[in-house]
Novice: 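I am attaching a structure below and will ask some questions about it afterwards.
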Amino acid sequence: MTQKPIEQNFQEKVIRLIRNIPSGMVATYGQIAKCAGNPRGARQVSYILHALSGKEKLPWHRVINSKGGISLKPRHGYELQKQLLEDEGIVFDDDDRVDLKRFGWLNQGRLDK
DNA sequence: CATATGACGATAT
DNA sequence: AATATCGCCATAT
């Protein structure tokens with residue numbers, strides 16, 4: 001079967017996954033998209049978030065890009081997201097980046113220094 | 001139906 | 001390492 005597993009529930013899955021992100025953790029768009037069945041659907045995740053973040057009451061602030069940084073533009077949520085993450089215990093380095101090795105969801109690379 | 005866009009990602013330079 | 005460009009795919013117009 002060459003049928004591609006069209007996941008019409010992609011959006012629903014994404015929402016569910018985001019809701020499953022534990023507090024104090026962050027997930028990347030690509031990670032969520034992959035778990036939802038579309039390894040290349042990172043952009044769609046962002047679109048879904050933008051569309052339903054307020055309606056579905058999703059912890060959108062726990063979703064960041066693969067660099068561990070916030071993709072939002074300043075004065076447009078960037079500061080808000082950063083603040084929310086810091087409020088949950090997430091730490092940003094001097095590059096405004098989160099250590100995915102420690103806070104990355106499903107990627108808890110325990111450094112245990 | 002065609003074109004444009006986007007809270008991304010990977011690769012090339 | 002930082003910037004530029006292309007690719008992906010759903011939604012909007």
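So you know, we letter chains A, B, ... as the sequences are listed, proteins then strands, and number each from 1.
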Novice: Quick one: on DNA chain C, does A:Tyr47 or A:Arg97 contact a more 5' nucleotide (nearest heavy atom)?
Specialist: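 Checking each residue's closest nucleotide, the 5'-ward one belongs to A:Arg97.
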Novice: When you measure from the side-chain N and O atoms of A:Gln31 to the phosphate of B:dC8, is any distance below 4.0 Å, counting only OP1 and OP2?
Specialist: no
Novice: A:Arg40 has a side chain; which of B:dA7, B:dC8, C:dC8 sits nearest to it?
Specialist: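 Taking heavy atoms from C-beta onward, the closest nucleotide is C:dC8.
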Novice: Side-chain N or O of A:Ser66 less than 4.0 angstrom from OP1 or OP2 on B:dC8?
Specialist: no
Novice: C:dC8 base to A:Arg43 side chain: any donor-acceptor pair below 3.5 Å?
Specialist: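 Counting by modelled atom types and ignoring angles, a donor-acceptor contact under 3.5 Å is found here.
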Novice: Can you check whether A:Lys13's main-chain N or O pairs, donor with acceptor, with A:Asn9's side chain at less than 3.5 Å?
Specialist: no
Novice: Would you kindly give the CG-to-P distance between A:Leu72 and B:dG6, to the nearest whole Å?
Specialist: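 Result: 13 Å.
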Novice: Taking A:Arg40's backbone N and O only, do any of them form a donor-acceptor pair with A:Asn38's side chain (distance below 3.5 Å, no angle check)?
Specialist: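 Looks like no, no N/O pair under 3.5 Å.
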Novice: Please report the distance, rounded to the nearest Å, between CG in A:Asn65 and P in B:dG6.
Specialist: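 My rounded result for the distance is 17 Å.
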Novice: B:dG6 C1' sits how many Å from A:His76 NE2, rounded?
Specialist: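 Distance check: A:His76 NE2 to B:dG6 C1' gives 14 Å.
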Novice: Atom CD of A:Gln81 and atom P of B:dC8: how far apart are they, to the nearest Å?
Specialist: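 It works out to 10 Å between those atoms.
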Novice: Is the shortest side-chain N/O distance from A:Ser71 to OP1 or OP2 of B:dC8 below 4.0 Å?
Specialist: yes
Novice: Which nucleotide sits closest to the side chain of A:Trp60: B:dA7, C:dT11, B:dG9?
Specialist: B:dA7
Novice: Is a donor from one side chain sitting under 3.5 angstrom from an acceptor on the other, for A:His61 and A:Glu88?
Specialist: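 On atom types as modelled, these side chains qualify, holding a pair under 3.5 Å.
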Novice: With a non-hydrogen cut-off below 4.0 angstrom, is A:Gly41 in contact with a base, only sugar-phosphate, or nothing?
Specialist: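 Nothing, no heavy atom under 4.0 Å.
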Novice: Just the rounded figure in Å: distance from P of C:dC8 to CG of A:Asn38.
Specialist: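 Nearest whole value for this atom pair: 13 Å.
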Novice: If you measure from CD on A:Glu12 to CD on A:Glu56, what distance do you get to the nearest 0.5 Å?
Specialist: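 So the CD of A:Glu12 and the CD of A:Glu56 are separated by 9.0 Å.
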Novice: Do A:Asp95 side-chain atoms and A:Arg97 backbone N/O form a donor-acceptor pair below 3.5 Å?
Specialist: no
Novice: How long is the line joining CG of A:Leu100 and C1' of B:dG9, in whole Å?
Specialist: 14 Å
Novice: Rounded to whole angstrom units, what separation is found between the OH atom of A:Tyr78 and the C1' atom of B:dA7?
Specialist: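 Taking atom C1' of B:dA7 as the reference, OH of A:Tyr78 is at 14 Å.
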Novice: Could you tell me the separation between the OH atom of A:Tyr29 and the P atom of B:dA7, rounded to a whole number of Å?
Specialist: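 Those two atoms, OH and P, are 9 Å apart.
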